[in-house]
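Chain naming here is simple, since letters A, B, ... match the order of the sequence lines and numbering starts at 1 in each.
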2 protein chains.
Amino acid sequence: MSDILLNVHVVIFSLYQDALQVLLTPCSDPGFADCWELPGEPVQEDESLEDAAGRALSGRIDRREVYLEQLYTYGEPDWYPRFRIISVVYFALIPAGARRLSRPEHERWYPVNALPHLAFDHAGVIAYALRRLRYKLEYSAAGFQLLPDEFSLSELQHTYEIILGEELDKRNFRRRILQAGIIEDTPYLRSGEGRPARLYRYRLDAVAEVKARRLFP
Amino acid sequence: MSDILLNVHVVIFSLYQDALQVLLTPCSDPGFADCWELPGEPVQEDESLEDAAGRALSGRIDRREVYLEQLYTYGEPDWYPRFRIISVVYFALIPAGARRLSRPEHERWYPVNALPHLAFDHAGVIAYALRRLRYKLEYSAAGFQLLPDEFSLSELQHTYEIILGEELDKRNFRRRILQAGIIEDTPYLRSGEGRPARLYRYRLDAVAEVKARRLFP
DNA sequence: CCAAAAGTGTTTGCTCTACACCCATGG
DNA sequence: CCATGGGTGTAGAGCAAACACTTTTGG
């Protein structure tokens with residue numbers, strides 16, 4: 001036990017420039033020069049795992065605006081060379097506009113389909129997080145976690161299209177999202193080019209996960 | 001780190017006497033007399049988490065016949081009194097007929113709807129594992145993991161009904177399970193009372209999870 | 001008045017659901 | 001031959017998919 005290190009790592013997703021991006025930091029391990037890795041922190045003796053994940057976010061992002069969910073715990077003895085490390089991995093969705101970097105000299109956002117060389121098995125971890133995110137979108141409405149508090153339906157649809165990697169029908173998308181009852185309209189409009197768009201917000205009283213059609217309803 | 005204990009615990013499900021049951025062991029913590037807890041093991045320095053979970057099963061069950069999946073990692077500082085324990089929890093489905101107990105004097109199977117007093121938050125863990133199991137049944141076909149290698153469709157349906165806690169239509173159930181393509185028939189029949197039943201088995205080449213209707217197909 | 005993006009309904013096909021009777025065997 | 005559980009099809013309803021034009025604003 002005493003020689004097992006316990007870490008958390010966080011896959012931090014954000015939308016930026018029409019792409020889903022992940023925050024990476026240069027790998028500190030000397031065996032992985034010119035590699036990148038997921039932000040992580042050792043777990044302190046008196047903090048919860050989620051707090052440790054919050055620390056990995058903090059300085060980078062205001063933790064309160066962030067959706068955070070545990071992804072998986074990796075603990076193969078050979079996952080890291082030289083050390084036995086257990087890593088509890090979380091994934092985070094941070095809303096567009098909250099992308100503040102306190103250490104821009106080190107860290108970088110990378111689009112998920114153009115990742116640099118990654119240390120350890122972090123490429124596999126990101127791939128799994130992405131699979132889970134896509135899956136979440138399909139049976140819930142997690143997409144707005146990547147948008148500001150208020151957003152138009154077109155922005156939400158665009159978010160879904162970026163993450164799922166496919167085009168969606170506008171009318172069907174709107175009907176379904178509204179029928180699910182997870183967002184509500186606001187009195188506000190966003191002006192830009194063309195006709196202004198009505199803004200919507202997440203309904204705090206909505207259940208988090210909308211069950212899609214089940215195999216045995 | 002050095003004062004954080006790393007354990008695995010396993011929620012071991014099995015079908016027995018028309019009920020879904022969980023294997024429990026008397027709580028060893030002196031602060032929880034007359035309580036029960038989930039079987040667990042400390043993680044050794046050179047073994048994977050899954051191997052540790054396998055150790056928690058072994059002696060109890062032949063590990064190879066067991067479906068094992070990571071559930072969640074619990075690590076609140078106050079989850080256990082006096083110690084800081086991180087617990088990686090797995091859940092296991094063991095096929096009917098493989099319920100061998102090597103330590104019957106200590107351990108017991110309890111139906112999930114008649115659990116004894118449980119130590120720590122293990123009642124919450126079991127409830128979560130049960131939710132996940134039900135959910136798995138709804139969008140995949142995990143039910144046969146609780147049955148022997150070969151089973152009749154009625155037995156499979158019965159399994160689903162026990163776990164989901166509701167009755168299912170026989171014809172619709174059969175049609176859907178067969179259409180999903182995850183099981184195949186065998187030349188064998190099981191004789192009993194009434195007309196003999198055709199036996200089926202899990203198709204090894206089938207994908208593990210059958211996606212149900214998605215929100216955005 | 002033109003460009004740009006927002007917003008809006010209907011028809012068609014498919015899938016899910018509900019439902020009742022005959023079949024094969026053992027005793 | 002009777003009791004017991006195994007096995008089978010169809011009609012109707014509800015849901016999802018495909019699809020094109022009108023509306024509102026800014027320049």
Does [X] have a side-chain nitrogen or oxygen under 4.0 Å from the phosphate oxygens OP1 or OP2 of [N]?
| X | N | result |
| --- | --- | --- |
| B:Ser154 | D:dG6 | yes |
| A:Arg175 | C:dG9 | no |
| B:Ser191 | C:dT25 | no |
| A:Arg176 | D:dA17 | yes |

Can you say whether the rings of B:Trp79 and B:Tyr74 are parallel (under 30°), tilted (30 to 60°) or perpendicular (over 60°)?
parallel
| Should the pair A:His9 and A:Tyr80 be assigned to parallel (<30°), tilted (30 to 60°) or perpendicular (>60°) ring geometry? | parallel
Q: List the steps, then state whether side-chain contact (heavy atoms from CB on, under 4.5 Å) holds for A:Arg198 with A:Asp185.
A: CA-CA 7 Å; A:Arg198 162 137 271 123; A:Asp185 58 356; 3.7 Å; yes
So if I take every side-chain heavy atom of [X] and compare against [options], which nucleotide ends up nearest?
| X | options | answer |
| --- | --- | --- |
| B:Ser152 | C:dG7, D:dG6, D:dT24 | D:dG6 |
| A:Ala197 | C:dC23, C:dA6, C:dC19 | C:dA6 |
| B:Glu193 | D:dG5, D:dT24, D:dG7 | D:dG5 |

Between the base of C:dC19 and the side chain of B:Arg171, is one N or O donor paired with an acceptor at under 3.5 angstrom? yes
Report task. Look at all strands and tell whether A:Arg190 reaches a base, only sugar-phosphate, or nothing, counting heavy atoms closer than 4.0 Å. Result -> nothing
Using a cut-off of 4.0 Å on non-hydrogen atoms, how would the nucleic acid contact of A:Arg174 be classed: base, sugar-phosphate, or nothing? base
Check: Between B:Phe151 and B:Tyr200, is the ring centre distance below 6.0 Å?
Finding: no
